[in-house]
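Predicted, not measured: the structure shown is a model, and the values here were computed from it. The first residue in the sequence is number 1, and the count goes up from there.
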Amino acid sequence: MRALDEKETTAVFEKLFKFTGKNLKNIVEKASQEGPDPSPESRYCFRLQKNKVYYVSESVVKRATNISRDRLISLGTCIGKFTKGGSFHLTVQALGLLADNARHKVWVKPTSEMSFLYGNHVLKGGVGRITEGVAPGDGVVVFSIAGDVPLGFGVAAKGTQECRRLDPNGIVVLHQADVGEYLRMEDDL
């Protein structure tokens, strides 16, 4: 497990910024509450193990130095992975971070929740609410309108104003990840 280099850090922060905007500062500067002696100076950091990026407390990283790299499987929360081509993709495990710090949100109706959880895009007919100021290409977190539970995340296909004029079968959010992946792809996670 090693720290991210400059190129990797840029790729991770650009992807997170797409979803969180200025709230990325909250993720980077979050004080750690883990370990036997949590101090306000202890923070969370990003570490790379094989091709996966982990969000982990610095105190846990210090303790993990006693474990050899080939025996270390996971540490902290896996937020994404680098492809062989070098691009960074967020995984569903990053949903907790994104939901807490999301800049743009979409709430889906109960009738559309299952469709999204099966890996389909969010259609206009299934949108309950959408935050103002969403532009096409922005990262959005998808919530259930019943209970405000985060279901997944994706990329806005249309802006807020365009959504109002869209027909009910038009795509509003392009699916990227959802909590249904825990069941569909449990061997890969």
List the atom of Ser87, the atom of His89, and the distance in Å for their closest heavy-atom pair.
-> OG-NE2, 3.5 Å
Mind checking whether Val155 and Val173 have side chains closer than 4.5 Å, heavy atoms only?
-> no
Please round to the nearest 0.5 Å and tell me the distance separating atom CD1 of Ile27 and atom CZ of Phe19.
-> 11.0 Å
Can you find a pair of side-chain heavy atoms, one from Arg47 and one from Leu75, that are under 4.5 Å apart?
-> no
State whether the side chain of Thr77 and the backbone N or O of Val56 hold a donor-acceptor pair below 3.5 Å, judged by distance alone.
-> no
Stepwise, does the side-chain contact (heavy atoms from CB on, under 4.5 Å) test hold for Phe116 with His175?
-> CA-CA 8 Å; Phe116 182 73; His175 177 275; 3.5 Å; yes
N/O donor-acceptor pair under 3.5 Å between Asn120 side chain and Ser115 backbone | yes
For the pair Glu8 and Lys81, find out whether any cationic side-chain nitrogen is under 4.0 Å from an anionic carboxylate oxygen.
-> no
Would you say the side chain of Leu90 lies within less than 4.5 Å of the side chain of Gln176, judging by non-hydrogen atoms?
-> no
Nearest 0.5 Å, what's the OH-CD distance between Tyr55 and Gln93?
-> 15.5 Å
For Thr160 and Glu132, indicate whether the former's side chain and the latter's backbone hold a donor-acceptor pair under 3.5 Å.
-> no
Yes or no on side-chain contact (heavy atoms from CB on, under 4.5 Å) for Val12 and Ile79, after CA distance, side-chain angles and deciding distance?
-> CA-CA 9 Å; Val12 171; Ile79 62 161; 4.3 Å; yes
Does Asp178 use its side chain to pair, donor to acceptor, with the backbone of Gly152 at less than 3.5 Å?
-> no
Supply the atom-to-atom distance Glu113 CD to Leu151 CG, rounded to the nearest 0.5 angstrom.
-> 5.5 Å
Counting only heavy atoms not in Lys158, do more than 12 fall under 6.0 Å of its NZ?
-> no
Any donor-acceptor pair under 3.5 Å from Asn101 side chain to Leu97 backbone = yes
Mind checking whether Phe143 and Val179 sit in one hydrophobic cluster, side chains of I, L, V, M, F, W, Y counted as touching below 4.5 Å?
-> yes
Donor-acceptor pair, side chain of Ser144 and main chain of Asp148, under 3.5 angstrom = no
Determine the interplanar angle of the Phe88 and Phe82 rings, folded into 0 to 90°, and report it as parallel if under 30°, tilted if 30 to 60°, perpendicular if over 60°.
-> tilted
Whether Arg129 side chain and Trp107 backbone form a donor-acceptor pair below 3.5 Å | no
Taking all heavy atoms of Asp138 and all of His104, pick out the closest pair and write down the distance.
-> OD2-NE2, 3.2 Å
Hydrophobic cluster identity match, Val149 and Val106, side-chain contacts under 4.5 Å | no
Quick one: CZ on Arg2 to CG on Leu48, what's the gap to the nearest 0.5 Å?
-> 4.5 Å
For Val141 against Ala102, the heavy-atom pair lying closest together = CG2-CB, 3.6 Å
Backbone N/O of Leu16 and side chain of Thr20: donor-acceptor pair under 3.5 Å | yes
Taking all heavy atoms of Val172 and all of Leu123, pick out the closest pair and write down the distance.
-> CG2-C, 4.0 Å
Side chain of Ser112, backbone of Val108: donor and acceptor closer than 3.5 Å?
-> no
Within-4.5 Å side-chain heavy-atom neighbours: Ser59 and Lys62 | no
Step by step, would you call Tyr54 with Phe46 a ring-ring contact (aromatic ring centres under 6.0 Å, His included)?
-> CA-CA 5 Å; Tyr54 293 90; Phe46 296 96; over 10 Å; no
So if you build clusters from Ile, Leu, Val, Met, Phe, Trp, Tyr with side-chain heavy-atom gaps below 4.5 Å, do Phe153 and Ile145 land together?
-> yes
Scanning both residues in full, the closest heavy-atom pair of Ala156 with Ala135 reads CB-O, 3.6 Å
What closest approach, in Å, do Ile130 and Cys163 show between heavy atoms, and which atom pair accounts for it?
-> CD1-SG, 4.2 Å
N/O donor-acceptor pair under 3.5 Å between His121 side chain and Ile171 backbone | no
Can you measure from CG (Leu98) to NZ (Lys15) and round to the nearest 0.5 angstrom?
-> 11.0 Å
Can you tell me how far CD of Gln49 sits from SG of Cys78, rounded to the nearest 0.5 angstrom?
-> 10.5 Å
Taking the six-membered ring of Phe17 as reference, does the NZ or CZ atom of Arg103 fall below 6.0 Å from its centre and within a 45° cone about the axis?
-> yes
Decide whether Leu174 and Leu166 are clustered together by the hydrophobic rule: side chain heavy atoms of Ile, Leu, Val, Met, Phe, Trp, Tyr closer than 4.5 Å, transitively.
-> no
